[in-house]
Amino acid sequence: MAVRTEPFVLNMGPVHPSTHGVFRMRVTLDGEVVVDIEPVFGYLHRGIEKLAEQRTYAGIIPLTDRLDYISSMNNNFAYCLAVEKLAGIKVPERAEYIRVIISELQRIAALLIAVGAFLNDCGAFFTPFLYMFRERERIVDLFEMVSGQRLTYNYLRAGGVSQDLPEEFLPALRKFMDMMPRFMDEYDRLLQQNEILIARAKGVGILPAEQAINCSISGPVLRASGVKWDIRKDDPYSIYDRFDFDVPTQPAGDCYDRYRQRVEEMRQSLRIIEQAMKQIPSGPVRAEVPHLIHPPVGEAYGRIECPKGELGFYLVSDNSIAPYRCHIRPPSLINLTALRDMVRGWKVADLIIIFGSIDITVGEIDR
Amino acid sequence: MKFERYGIGIAKGLTVTIRHLLRHPTVNQYPEQRLNISRRFRGNELIWNREKCTGCGTCAKTCPQGAIEIVTATDMAENKYIVDKYEIDTGYCIQCGLCVEACPYEALYFSHNFECARYRRGELVQGKEEMLETPQRKVSGYFYPDKAQKLPGQTLLVEKITEKR
Amino acid sequence: MMIVDFIATGQGHFQAIPPDWPGGFWWHWLFFTVVVIGFVLTMVMGVIYIERRGMGRMQSRLGPNRTGPFGLLQPVADAVKVLLKENIVPAAADKLVHWLAPVVAFAPALMIFAVIPFSNGALLADLNIGILYIVAISSVSTVGVFMAGWGSSNKYSLLGAMRNVAAVVSYEIPLVLAIVGVVLIAGSLSMNQIVVAQNIPFILLQPLGFLLFFAAGCAEINRSPFDLMEADSEIVAGFHTEYSGMKFAMFYLVEYAEAVAISAIICTLFLGGWKGPLLPPWLWFIIKVMLVFFAMVWTRTTLPRIRIDQLMAFAWKFLFPMAIINLFITALQVLAGWPTQLMWAMIIVNFAVTAFMVLIWSRFFFRLGWGRIEV
């Protein structure tokens with residue numbers, strides 16, 4: 001006897017334990033199976049792009065901190081690159097190295113949260129999350145030493161960084177670099193081979209390489225699908241062409257691969273920091289830039305490889321102290337476009353971990 | 001024959017958690033134990049130097065939030081500005097530090113204080129008298145490395161936990 | 001006087017009241033009702049403390065430590081907080097069902113303890129079908145859970161309740177089959193007789209049975225990694241999403257009372273119950289219950305959660321055949337008289353069989369995440 005059933009609609013979010021902020025999904029379910037989802041966002045809209053049109057070029061930097069608030073330094077970096085391109089500012093050598101060190105540390109910190117939150121979504125009750133927060137705390141400590149804040153650093157400036165590193169920074173970083181590989185091995189021991197995690201994440205939410213490119217996915221999600229595309233290698237900005245590092249890729253493009261991809265990228269970031277610490281020269285850290293920049297009329301696009309993908313700032317200048325238009329390419333939003341195709345046919349529990357493996361920050365999606 | 005799928009991964013994970021049971025936890029008990037904050041701490045308050053300030057208003061122009069309000073009068077005899085009103089609404093302040101960097105006369109600093117919570121929004125507005133440097137309101141070393149040298153060093157977690165893994 | 005003697009020495013067959021006293025039965029009943037309720041409530045507080053502190057330390061933090069010495073009063077503080085909260089009932093809820101559900105869920109959890117022996121003969125009712133009674137009673141709380149899920153008129157609750165019913169229906173079978181092995185060796189269904197029969201703990205004679213019972217028991221009471229019915233990262237809080245105040249406290253109590261109950265059953269069936277040297281029996285019993293519960297906390301801290309179809313597949317394709325094989329082997333051994341004559345051979349053989357079966361079965365017949373079943 002066939003039982004007559006009908007799909008039902010479940011509103012996941014905006015307040016839900018694992019929607020990573022105020023994100024909402026209208027999920028159509030057939031029993032436990034996801035038939036369709038529709039992401040609804042805008043709950044954290046602050047109008048940052050519009051606000052930027054009324055602020056000075058320096059005053060926008062604190063706004064970029066609040067886009068993807070778990071990787072503020074990278075946002076600053078992308079914005080500063082765009083401004084430097086627009087105004088033709090040359091950045092001193094030491095500042096470039098500081099930027100690279102800081103940006104890679106921030107990448108590790110953000111990826112730690114991404115991995116921890118993903119494992120937490122899988123149901124490992126906060127253990128990996130708290131372990132990873134412990135290490136993030138050490139990085140945030142270093143950032144506090146450098147910039148004086150723990151979340152919205154506002155450290156980079158157009159033409160360099162706001163202040164030089166304090167002299168106790170490099171020894172502390174050395175200590176961190178010595179202990180971090182041990183911690184990463186410990187995370188791998190904790191869950192990498194876990195049978196339940198493999199059963200949950202392997203083969204779940206596969207994103208084929210072709211579709212990933214068509215959706216213009218970037219970052220670890222793209223590389224986990226096997227596409228070797230990293231802006232640090234393929235379009236080197238700053239001084240990334242001086243460092244020797246690999247672009248790891250994974251074969252399958254499922255949730256487990258995305259998790260492994262992030263862990264591998266952390267190891268590569270450690271390699272870059274190691275080299276940058278050896279090469280860092282002394283000298284000025286800030287170019288002679290006037291307080292109110294008047295860039296010539298024109299437009300510029302600055303992009304970096306941020307922990308979530310390609311983060312770009314598109315600035316149009318009309319030779320005034322504020323940009324005529326500031327557009328942001330948020331990697332989270334664009335990575336999210338593939339979500340619907342990835343989750344259809346999977347169960348509610350899979351929906352959560354696929355969503356977690358994309359690693360979004362709602363502050364960046366809604367802007 | 002690989003022993004990947006027979007519970008080895010689970011057993012490994014269990015050893016990691018049980019080892020943490022015997023380790024010292026990575027937390028500190030906040031109101032009783034306090035760690036030193038960064039020397040460059042960007043605190044909730046700003047400190048204003050009455051003598052050095054010329055009333056040029058650069059800080060107010062730079063502030064992205066518009067949290068600084070400055071009213072000056074002209075002192076014709078001395079040929080300078082008199083600062084009549086200098087107020088910072090710390091409720092609006094996002095502690096970005098641009099005003100401190102912009103000040104051409106080194107008259108504005110961050111304070112090294114935290115725990116500046118108030119019960120009413122009106123109390124968040126710092127007037128002239130509440131912005132002077134006192135023994136309770138120390139100056140933070142943000143953007144002024146010579147001031148940073150006088151402050152106690154920051155407690156770092158990388159140095160606190162040293163046990164072998 | 002008898003009670004004092006008993007606590008001090010722990011010797012002999014315990015009887016609170018000599019049976020030839022007038023009304024002895026009723027005194028016995030009254031005494032043990034009070035003891036059982038007191039035991040459950042204090043143990044729940046104890047295990048909540050163990051769970052929160054132990055989990056905290058395993059997660060590299062401290063856990064609650066502000067209320068009372070070492071945070072010992074945290075469960076009390078939680079209880080007071082939750083009891084003083086407003087009782088919110090959703091407008092669309094089925095009010096009667098919503099109101100009754102915590103009670104229906106709580107009563108069976110308490111009733112299980114009627115047949116758990118705290119010492120030799122120290123139990124409310126020494127039923128000669130004690131273990132059967134437990135199996136029958138313990139699934140009744142599912143009805144309460146389902147009532148909660150249905151009555152709240154919330155989709156998350158409904159999903160959680162459906163998952164719970166599906167899981168409990170499947171896991172009852174391996175649970176019972178794992179028990180039968182023990183019953184065969186002990187030759188009795190009475191909980192007290194099972195403990196008396198354990199000259200060595202049955203975990204040595206029934207290692208596979210122990211693993212099966214532990215896994216199935218965890219699934220039965222929604223402990224991680226089988227805690228899908230209240231998976232907070234998926235369906236908010238499962239069946240008790242819409243509960244607050246006192247009713248939520250009841251569900252919280254049920255959750256931990258069931259955990260204590262399963263720990264007590266495990267320690268009665270497999271770990272020798274109240275038996276142990278030096279210390280008085282009731283203390284041994286409590287220590288063993290706490291140890292079993294700690295193992296549950298440990299797995300909860302470490303393991304991710306499995307998916308609903310994997311949960312069902314695990315029950316039917318792994319636990320169920322294993323339980324059948326275990327029962328078959330045990331029956332043969334009992335028939336050959338091994339438990340009495342060749343105990344050491346039986347220990348060795350059974351451990352070898354356990355390792356062999358788990359390896360072979362997971363190599364060739366079942367792997368977590370193989371294929372999918374629609375539920």
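Lettering follows sequence order; numbering is per chain, from 1.
- Heavy atoms of A:R174 lying under 4.5 Å from chain B are absent altogether.
- Using a 4.0 Å cut-off between charged nitrogen and carboxylate oxygen, B:R50 and B:E129 count as a salt-bridge pair.
- Contact of B:L14 with chain A is not made at all, since no heavy-atom distance falls under 4.5 Å.
- Of the listed residues (A:I60, A:L142, A:I61, A:N154), the greatest number of heavy-atom pairs within a distance under 4.5 Å of chain B belongs to A:N154.
- Only the backbone of A:Y153 comes within contact range of chain B, with heavy atoms under 4.5 Å apart.
- Heavy-atom distances place both the backbone and the side chain of B:T17 under 4.5 Å from chain A.
- Salt bridge B:E101/A:R286: present, at least one basic N to carboxylate O contact under 4.0 Å.
- Note on A:D65, A:V146, A:T152: by heavy-atom pairs under 4.5 Å with chain B, the leading option is A:V146.
- Using cut-offs of 30° and 60° on the angle between ring planes, the pair A:Y79 and A:F313 is perpendicular.
- Side chains of A:Q163 and A:R157: a donor-acceptor N/O pair is absent below 3.5 angstrom, by distance only.
- Using a 4.5 Å cut-off between heavy atoms, A:T127 contacts chain B through its side chain alone, with no backbone atom that close.
- A salt bridge between B:K12 and A:D188 is absent, with no side-chain N of the basic residue lying under 4.0 Å from a carboxylate O of the acidic one.
- In this structure, A:E84 contributes its side chain and A:G159 its backbone to a donor-acceptor pair below 3.5 Å.
- Counting heavy-atom pairs closer than 4.5 Å to chain B, the top-ranked of the candidates A:D185, A:D164, A:T56 is A:D164.
- With contacts defined as side-chain heavy-atom distances shorter than 4.5 Å, the pair A:L112/A:M266 qualifies.
- Only the side chain of A:E168 comes within contact range of chain B, with at least one heavy atom under 4.5 Å from a heavy atom of that chain.
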